[in-house]
Asker: 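Take this structure, written in structure tokens, and hold onto it; I'll ask about it next.
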Amino acid sequence: MEDMSQYPTELSGPDVPMVRFMSVTKSYGALTVLDSLDLDVSEGEMVTVIGPSGSGKTTVLRMLMTLETINGGVIYVDGKPLTHMEKNGVLVRADAKYLRRARSSIGMCFQHFNLFPHMTAIQNCMEGPVQVLGLPKAEARERSEELLSMVGMIDKKDQHPSRLSGGQQQRVAIARALAMRPKVMLFDEVTSALDPEVIGEVTGVIRKLVAEHNLTMLMVTHQMGFARDISDRVCFFYQGKIEEQGAPESLFGNPQRERTQQFLSAVKAAD
Amino acid sequence: MFDWRWDFAFEILPRLLQATLNTLAAAGVGYGIAVVLGLVFALAQRTPSRIVTMVVRECVEFIRSTPLVLQIFFVFFVGPQFGIRLSPWVAGMIAIGLHYSAYLSEVYRGGLDSVPKGQWEACTALNLSTTKTYFRVIIPQALPPSLAGMGNYLVGIFKDTPMLSVIGVAELMQAANAIGGSTYRYLEPYTMVGIIFLAISLPAAGMIKLFEAWVRKKLGMN
């Protein structure tokens with residue numbers, strides 16, 4: 001058993017990060033996917049996670065969305081523990097009720113969009129605000145229409161996902177996640193399932209988000225050019241650890257570690 | 001020898017049609033019980049509690065592995081020994097409803113399992129409660145793939161209602177037996193029972209297909 005008293009029940013101080021991974025370990029049986037990960041993401045920062053498949057990069061996002069439990073360490077969001085809750089001055093594993101409250105500040109977009117197929121675009125966007133936040137329908141509709149306009153999907157708002165292209169579905173999925181007003185947005189390989197010619201419409205929306213909103217974002221991507229353009233920081237994951245991280249110019253322009261160099265030249269060769 | 005008597009057939013027709021209404025009512029009520037109880041069984045098998053899951057799972061297996069007619073006898077004749085005295089109708093509805101709920105729970109289980117994992121994850125990401133996840137997202141998507149199986153069992157329960165005649169429920173089979181017993185003519189009543197069943201089962205199967213297509217369209221899934 002891990003000694004939980006080493007973890008603060010709350011982060012305080014002048015520069016509390018929006019997200020903090022503190023010695024986070026994730027394993028499936030004997031396979032360790034993430035090994036004692038420490039990672040801070042500041043408010044408004046755009047951090048991109050890159051790395052070979054199996055390096056644990058998607059797991060980072062999934063743990064933050066509470067889709068995966070963690071085996072060790074603590075994740076904090078906005079200074080408060082996400083994966084744990086305080087009980088008699090120490091952290092214990094969060095129960096379902098606590099998790100529901102804690103993850104409300106996080107939104108996520110998936111590789112395969114995961115829109116609800118039986119609802120139209122606007123119904124997808126209104127579902128969370130109405131059913132979870134308890135917004136009146138008119139207000140939720142207004143908010144959703146605003147967001148669908150922002151992602152350029154307002155003219156398709158009454159279409160079901162089956163009638164939309166992958167790029168269009170992903171843009172609706174981004175609007176749906178934003179409708180919950182998250183503080184942290186997670187993008188998990190959101191362009192990987194798309195045809196090359198529609199990738200631009202999704203990356204365009206994310207660029208707009210970065211430029212116009214002060215959202216904290218974590219993104220896993222294989223689009224190196226895109227990552228280089230819009231990230232504040234890039235983390236290269238290798239075998240469950242951050243092998244190297246830094247500003248995009250330095251990580252892409254002048255990688256220090258051999259693994260990073262190998263990975264980047266392999267990706268370049270494939271392009 | 002083949003001696004079909006039309007006059008006799010017309011004479012007993014009103015009585016058989018009356019009994020048909022009872023048969024339809026029995027099938028309808030039994031199915032209603034099975035549809036709801038089946039969903040309860042299916043959802044109970046998905047709770048985090050291992051004990052609940054196991055107990056329900058075993059009950060479903062038990063019901064599916066024993067004959068319906070035994071279950072009908074059991075509820076009707078053994079019940080009173082435990083102080084549970086039920087009319088033939090009530091006992092019959094409980095037995096047949098319970099029997100088919102076990103089958104329907106398996107249909108639902110297949111439907112629920114067919115909903116992709118990503119849908120559950122999207123619900124978590126939107127922070128929907130478990131109840132809302134099921135009733136607003138998962139069950140609506142589990143429904144279309146379940147409809148074919150649900151339809152089969154609707155026809156199935158209808159065809160199994162004659163078993164209720166063993167405890168004296170006045171449905172079609174019971175009426176035909178009674179006519180045969182009092183007139184010693186069996187050809188007409190049993191033939192007519194068969195035709196009535198056929199006349200209802202065949203269109204019903206077609207209508208279920210249409211209904212399935214309609215639901216898919218309504219849910220925007222095709």
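Below, read A as the first sequence line, B as the second, and so on, with proteins coming before strands; counting in each chain starts at 1. Quick caveat, the model's predicted, so the values are computed rather than measured.
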Asker: Between P117(A), P161(A), S104(A), G128(A), which residue shows the highest count of heavy-atom pairs closer than 4.5 Å to chain B?
Answerer: P117(A)
Asker: Where on R62(A) is there a heavy atom nearer than 4.5 Å to chain B: the side chain, the backbone, both, or neither?
Answerer: side chain
Asker: Measure H160(A) against the heavy atoms of chain B and call it side chain, backbone, both or neither at under 4.5 Å.
Answerer: side chain
Asker: Indicate the ring-plane relationship of Y103(B) and Y153(B), choosing parallel, tilted or perpendicular according to the 30° and 60° boundaries.
Answerer: tilted
Asker: Of the backbone (N, CA, C, O) and the side chain (C-beta and beyond), which part of S129(B) lies under 4.5 Å from a heavy atom of chain A, both, or neither?
Answerer: both
Asker: Answer whether the closest heavy-atom distance between the side chains of K117(B) and E121(B) falls below 4.5 Å.
Answerer: yes
Asker: Test the R171(A)-F113(A) pair against the cation-pi criterion, namely NZ or CZ under 6.0 angstrom from the six-membered ring centroid and within 45° of the ring axis.
Answerer: no
Asker: Can you say whether Q141(B) sits under 4.5 Å from chain A via the side chain, the backbone, both, or neither, judging by heavy atoms?
Answerer: side chain
Asker: Is it the side chain or the backbone of F110(A) that comes within 4.5 Å of chain B heavy atoms, both, or neither?
Answerer: side chain
Asker: With a 4.0 Å cut-off on N to O distance, would you call R46(B) and D113(B) a salt bridge?
Answerer: yes
Asker: Go through Q131(A), M108(A), M119(A) and name the one with the most non-hydrogen pairs under 4.5 angstrom from chain B.
Answerer: Q131(A)
Asker: Using a cut-off of under 4.5 Å on heavy-atom pairs, state which of T120(A), V132(A), T66(A), I106(A) scores highest against chain B.
Answerer: V132(A)
Asker: Can you tell which part of M180(A) gets under 4.5 Å to a heavy atom of chain B, answering side chain, backbone, both or neither?
Answerer: side chain
Asker: Taking the six-membered ring of Y134(B), is NZ or CZ of K132(B) closer than 6.0 Å to its centre and within 45° of its axis?
Answerer: no
Asker: Please answer whether the main-chain N or O of H84(A) pairs with a side-chain N or O of R93(A) as donor and acceptor at a distance below 3.5 Å.
Answerer: no
Asker: Need one label for L67(A): side chain, backbone, both or neither, based on atoms under 4.5 Å from any heavy atom in chain B.
Answerer: side chain
Asker: Where on L115(A) is there a heavy atom nearer than 4.5 Å to chain B: the side chain, the backbone, both, or neither?
Answerer: backbone
Asker: Quick check on the interface: out of Q111(A), M65(A), R103(A), who has the most heavy-atom pairs with chain B under 4.5 Å?
Answerer: R103(A)
Asker: Within the distance-only criterion (no hydrogens, no angle test), does the side chain of Y108(B) pair as donor or acceptor with the backbone N or O of A142(B) below 3.5 angstrom?
Answerer: no
Asker: Should M150(B) and L143(B) be marked as a side chain to side chain contact (heavy atoms under 4.5 Å, CB included) after you check the CA-CA gap, both sets of side-chain angles, and the distance that decides it?
Answerer: CA-CA 9 Å; M150(B) 288 174 75; L143(B) 193 62; 4.2 Å; yes
